[in-house]
Amino acid sequence: MCQTEMDSIYVTQALYLSGLAKNELQDYRGAIQSWQASLQFGLSAPGVAESLIAIPHAQALSGFQTQALESYIKASKQFLDEQQNVDSLISAIEEYGAIDVLLEERPKADLQWFLDRSTSSNTQRAIYLRYLAQDSQLMSLMKEYAQIKSLDQKLQATESQMSSLTKTLRTQIRVIDSPQSKQNLKVLEQKVAQLHQRIEGIESGLSGANLAKTRELVTSIEERLSSAREKATTRKSDITGQLKDISRALGRISASRKALKAFNRTLDTLLSDVSEKKLSSLKNDFSAYYEQAELGLVQILEAQARLRTKRTNLLDARYQ
């Protein structure tokens with residue numbers, strides 16, 4: 001037991017087996033301490049229900065009949081309460097589905113005892129999930145759901161990025177097509193044309209004026225404006241093509257996410273069916289433990305009744 005950490009998934013089994021070993025050595029006090037230590041975990045954890053039943057038995061062997069009686073009564077109530085918890089969990093799965101109840105932790109007023117937000121490893125939800133995960137089919141379905149969820153999150157992130165890019169590209173097209181941009185380009189072209197006219201006027205009015213370099217500069221500006229207009233037209237065409245490609249990609253992503261949702265519905269049905277069967281089996285176990293507790297309670301009461309009868313007979317015999 002000293003080698004088993006208290007946060008280990010095997011701690012409840014270790015505590016129960018430790019109690020059994022001590023009980024065999026007639027160290028009833030030590031056995032009871034080990035079993036009581038496991039009761040901080042839920043009854044669905046391995047060995048906890050057995051520990052709860054074993055405590056009053058050890059108390060009875062130790063001669064503490066009153067304590068044993070109280071422990072059996074407490075155990076009976078706990079097993080009944082846990083059966084009700086399992087019933088509420090099964091009902092919730094039938095109504096909402098296993099994915100919604102077991103894996104997504106969405107708040108529900110009728111499942112506050114189960115959907116504890118604590119980070120502790122021994123919450124009711126963690127303990128029930130560990131119990132359910134012992135079933136290989138359930139574990140496989142849970143892993144499959146985790147993979148599908150991860151894929152859907154990646155598709156959603158890509159979809160969001162593409163939507164943002166679409167907005168940016170559309171903004172660029174609006175800028176290119178804006179009346180203000182077109183007007184600015186037109187004004188610049190008019191000013192360049194006016195410069196050409198002035199240069200021609202100066203050259204014709206002043207004999208021998210050499211404005212070749214000025215003319216080259218203005219021509220260069222004119223070419224740049226023409227290139228800017230062509231680039232704007234080409235850029236708009238490129239953006240339009242990109243938007244079409246993005247639209248097709250978004251359509252494929254949307255179709256993929258719809259297919260994943262449809263698959264999730266099928267997966268949820270399977271998870272719900274297997275979970276309900278597993279939980280029904282657990283409820284039957286709790287019912288059997290409840291009957292054991294009630295039987296132990298009756299045995300102690302019968303023993304006490306026989307003891308009182310024997311004492312009464314002995315007293316009566318003194319006066320015969």
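Just so it is clear, the model here is predicted, and its values are computed rather than measured.
- Between the side chains of Arg174 and Thr171, at least one donor N or O lies within less than 3.5 Å of an accepting N or O.
- The two residues Ala98 and Ser272 make their nearest non-hydrogen contact at N-OG, 2.9 Å.
- Listed by first and then second residue, the side chain to side chain donor-acceptor pair (under 3.5 Å) pairs involving residues 161-170 amount to none (not counting sequence neighbours).
- Using a cut-off of 4.0 Å between Lys/Arg side-chain N and Asp/Glu carboxylate O, Lys77 and Asp81 are scored as salt-bridged.
- When all heavy atoms of Ser280 and Ile90 are compared, the closest pair comes out as OG-CD1, 3.7 Å.
- Salt-bridge annotation for Glu82 and Lys283: absent, with no side-chain N of the basic residue lying under 4.0 Å from a carboxylate O of the acidic one.
- Contacts classified as side chain to side chain donor-acceptor pair (under 3.5 Å) and involving residues 51-66 (residues at least two apart or in different chains) are given here: Ser38-Ser51, Gln59-Ser71.
- Under the side-chain contact (heavy atoms from CB on, under 4.5 Å) criterion, Gln153 pairs with Lys149, not counting sequence neighbours.
- Asp268 and Tyr96 make their closest contact through OD2-O, 4.2 Å (heavy atoms, listed as atom of the first residue, atom of the second, distance).
- Among the candidates Leu102, Thr266, Val101, Ile99, the single residue satisfying the side-chain contact (heavy atoms from CB on, under 4.5 Å) test with Leu271 is Ile99.
- Scanning both residues, Phe41 and Val48, for their nearest heavy atoms gives O-CG1, 3.8 Å.
- Taking the centre and axis of the six-membered ring of Tyr131, the NZ or CZ atom of Lys278 falls inside the cone set by 45° and 6.0 Å.
- If you check the side chains of Tyr289 and Glu50, you find a donor sitting under 3.5 Å from an acceptor.
- Summarising the geometry, atom CZ belonging to Phe79 is positioned 4.5 Å from atom CD1 belonging to Ile53; distances are rounded to the nearest 0.5 Å.
- Between Thr12 and Pro46 the shortest heavy-atom distance is OG1-O, 2.6 Å.
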